[in-house]
A.B. asks: 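Encoded as structure tokens, here's the structure I'll be asking about.
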Amino acid sequence: MNIDIKSYENLLRASIDAKLSTMDSTFSNTIGLRLRRDKLLVWLNEPASLTLNSELKDKIEQIISSVLYPYWVVKHKAGLTLVPRFDVPPESARAIAYDLHFGIYQRLTVDRVSSTNLYANDKGDVKISLMRDYYWDLKTPHLAIMSVTRGGKTTLLRYLIANCYGYSKIKTKNGAVDDGAQTIIVIDPKLDADLRATTLAVNGTYLAPDFSKSDNSYIDQVNSALKAIIDVMRLRAEGKKQNPQIKYKDVFLFVDEAITIPALGTSKTRAIYMALLDRILMMGAGFSIHIIMASQSFLVGSQGAVSSQGRLEFGARILLASRLTPENTQLLFKELDISAINNLILDQDDKGLLGVGICDNGDGNIVPFKAPYFKDLG
């Protein structure tokens with residue numbers, strides 16, 4: 001895609017001047033800017049009534065989000081990101097930096113839910129495709145997915161199961177030690193037949209309630225599975241004492257409808273469940289153990305999906321929602337205020353609003369999201 005960047009620079013200058021309505025101007029060179037394919041820098045060239053602060057950053061982001069669309073998507077990052085500028089006058093030695101994605105994020109079209117879409121190179125880097133040219137590289141080890149009922153959570157989980165299994169196999173081929181730990185463990189309180197089939201297709205462990213037994217027996221079974229994962233962590237810790245450089249194969253724990261699990265047990269079994277989950281969330285990354293959790297809500301507390309500390313461990317996050325509000329963003333994306341929400345453009349493609357929302361793949365940038373479209377759900 002060819003684009004005249006200089007023309008867009010001039011359009012940005014005119015738009016910023018018109019919207020800010022101050023005596024300071026980009027055309028009078030009080031405000032400087034430089035547009036690139038992946039970044040926009042804005043700075044002050046002389047003492048001005050403006051200040052490079054979060055308020056100015058938000059005002060300019062609101063302007064550029066609409067002006068640059070559809071040739072760029074502005075990645076939202078909470079707070080103020082300043083970058084140094086050297087060999088310039090002191091008043092110009094810092095700039096607000098806006099990370100950009102060139103072009104609209106495109107939805108993946110996948111033949112089957114079980115299809116794998118992995119990026120791998122000769123340096124050993126492996127990533128899981130979430131959209132075209134957008135990946136989860138697992139440097140942020142845990143992923144949270146939030147959506148209302150029938151919003152696409154379980155289908156996305158099935159796709160991730162296949163890809164996480166493939167990811168672990170590639171990492172093992174590249175030298176990670178296979179210590180015999182189960183690669184895929186799925187906790188599914190609603191007993192989804194398709195989720196079960198996807199799990200068993202990769203020889204995973206699938207934990208669902210036995211309706212002939214009590215609810216408490218199920219959470220006991222879940223707690224036993226979590227304890228087994230912690231036992232794996234202990235063994236791997238011993239291995240790392242002998243060889244600090246050792247890398248183990250990746251293990252993935254999937255939890256569907258997480259908000260319902262604590263309600264199944266007694267206060268004692270709930271407390272045990274939360275404590276075990278917290279331990280894996282906070283310590284698992286060092287032992288190549290990951291949690292992918294899907295839920296209608298990420299409320300915290302005894303009746304919530306996770307503890308308040310555990311929720312902070314989900315650096316990678318996806319919210320499936322065709323309309324963003326302070327109410328549906330506050331749990332996973334609490335850093336978004338109303339102005340930031342209004343700046344995020346949820347554009348439609350030929351699939352309409354199917355599986356759209358926002359995401360952060362772990363790099364701190366919040367961007368529009370379109371879940372993969374599957375030609376075959378089998």
A.B. asks: With a cut-off of 6.0 Å (strictly less than), are more than 12 heavy atoms of other residues, nucleotides or ligands near NZ of Lys240?
C.D. replies: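 More than 12 heavy atoms, drawn from other residues, nucleotides or ligands, come within 6.0 Å of this atom.
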
A.B. asks: On the 0 to 90° scale, with breaks at 30° and 60°, tag the Tyr105-His101 ring pair as parallel, tilted or perpendicular.
C.D. replies: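 The arrangement is parallel - the two ring planes meet at less than 30°.
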
A.B. asks: Establish, yes or no, whether the cationic atom of Arg94 lies under 6.0 Å from the six-membered ring centre of Trp43 and within 45° of the ring axis.
C.D. replies: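 Cation-pi check for Arg94 and Trp43: fails.
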
A.B. asks: Taking everything shown except Lys213 itself, do over 12 heavy atoms lie less than 6.0 Å from its NZ?
C.D. replies: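 No, because the 6.0 Å sphere around NZ of Lys213 holds 12 heavy atoms or fewer from other groups.
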
A.B. asks: Does Leu118 offer a backbone N or O that forms a donor-acceptor pair with the side chain of Thr116 under 3.5 Å?
C.D. replies: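 Between the backbone of Leu118 and the side chain of Thr116 there is no qualifying donor-acceptor contact (under 3.5 Å).
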
A.B. asks: Classify the ring geometry between His142 and His290 as parallel (under 30°), tilted (30 to 60°) or perpendicular (over 60°).
C.D. replies: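 Correct class here is perpendicular.
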
A.B. asks: Can you pull the salt bridge (Lys or Arg N to Asp or Glu O under 4.0 Å) pairs that have at least one residue in residues 299-322, sequence neighbours excluded?
C.D. replies: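 Every salt bridge (Lys or Arg N to Asp or Glu O under 4.0 Å) pair that includes a residue of residues 299-322, provided the two are not neighbours, is Arg317-Glu335, Arg317-Asp360.
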
A.B. asks: Please go through Tyr135's hydrophobic cluster and name the other residues, only I, L, V, M, F, W, Y counting, with side-chain heavy atoms under 4.5 Å joining them.
C.D. replies: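 Other cluster members: Tyr119.
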
A.B. asks: Below 4.0 angstrom, N of the basic side chain to O of the carboxylate: do Asp194 and Arg196 qualify?
C.D. replies: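 Salt bridge: no.
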
A.B. asks: Closer than 4.0 angstrom, basic N to acidic O: yes or no for Lys57 and Glu61?
C.D. replies: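 Yes, this pair counts.
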
A.B. asks: Any non-hydrogen side-chain atom of Leu344 less than 4.5 Å from a side-chain atom of His76?
C.D. replies: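 Yes. Closest side-chain heavy atoms under 4.5 Å.
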
A.B. asks: So do the side chains of Ile128 and Asn117 get within less than 4.5 Å of each other, counting heavy atoms only?
C.D. replies: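 No, too far: nothing below the 4.5 Å cut-off.
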
A.B. asks: Between Tyr71 and Phe102, does the ring centre distance come in under 6.0 Å?
C.D. replies: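 No; Phe102 has its ring centre 6.0 Å or more from that of Tyr71.
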
A.B. asks: Identify the residue among Asp133, Asp349, Asp347 that makes a salt bridge (Lys or Arg N to Asp or Glu O under 4.0 Å) with Arg107.
C.D. replies: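 That would be Asp349; it is the only one of Asp133, Asp349, Asp347 passing the salt bridge (Lys or Arg N to Asp or Glu O under 4.0 Å) with Arg107.
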
A.B. asks: Are Leu207 and Ile187 close enough that some pair of their side-chain heavy atoms sits under 4.5 Å apart?
C.D. replies: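 A side-chain contact under 4.5 Å exists here.
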
A.B. asks: Would you say the side chain of Leu33 lies within less than 4.5 Å of the side chain of Ile16, judging by non-hydrogen atoms?
C.D. replies: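 Heavy-atom side-chain distance check passes, below 4.5 Å.
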
A.B. asks: Here's a test for you: under side chain to side chain contact (heavy atoms under 4.5 Å, CB included), which of Asn361, Leu336, Leu319 qualifies with Ile366?
C.D. replies: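 Running side chain to side chain contact (heavy atoms under 4.5 Å, CB included) over Asn361, Leu336, Leu319 with Ile366 returns exactly one hit, Leu336.
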
A.B. asks: Looking at Asp179 and Arg236, is any side-chain nitrogen of the basic one under 4.0 Å from a carboxylate oxygen of the acidic one?
C.D. replies: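 Between Asp179 and Arg236 there is a salt bridge, with a charged N closer than 4.0 Å to a carboxylate O.
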
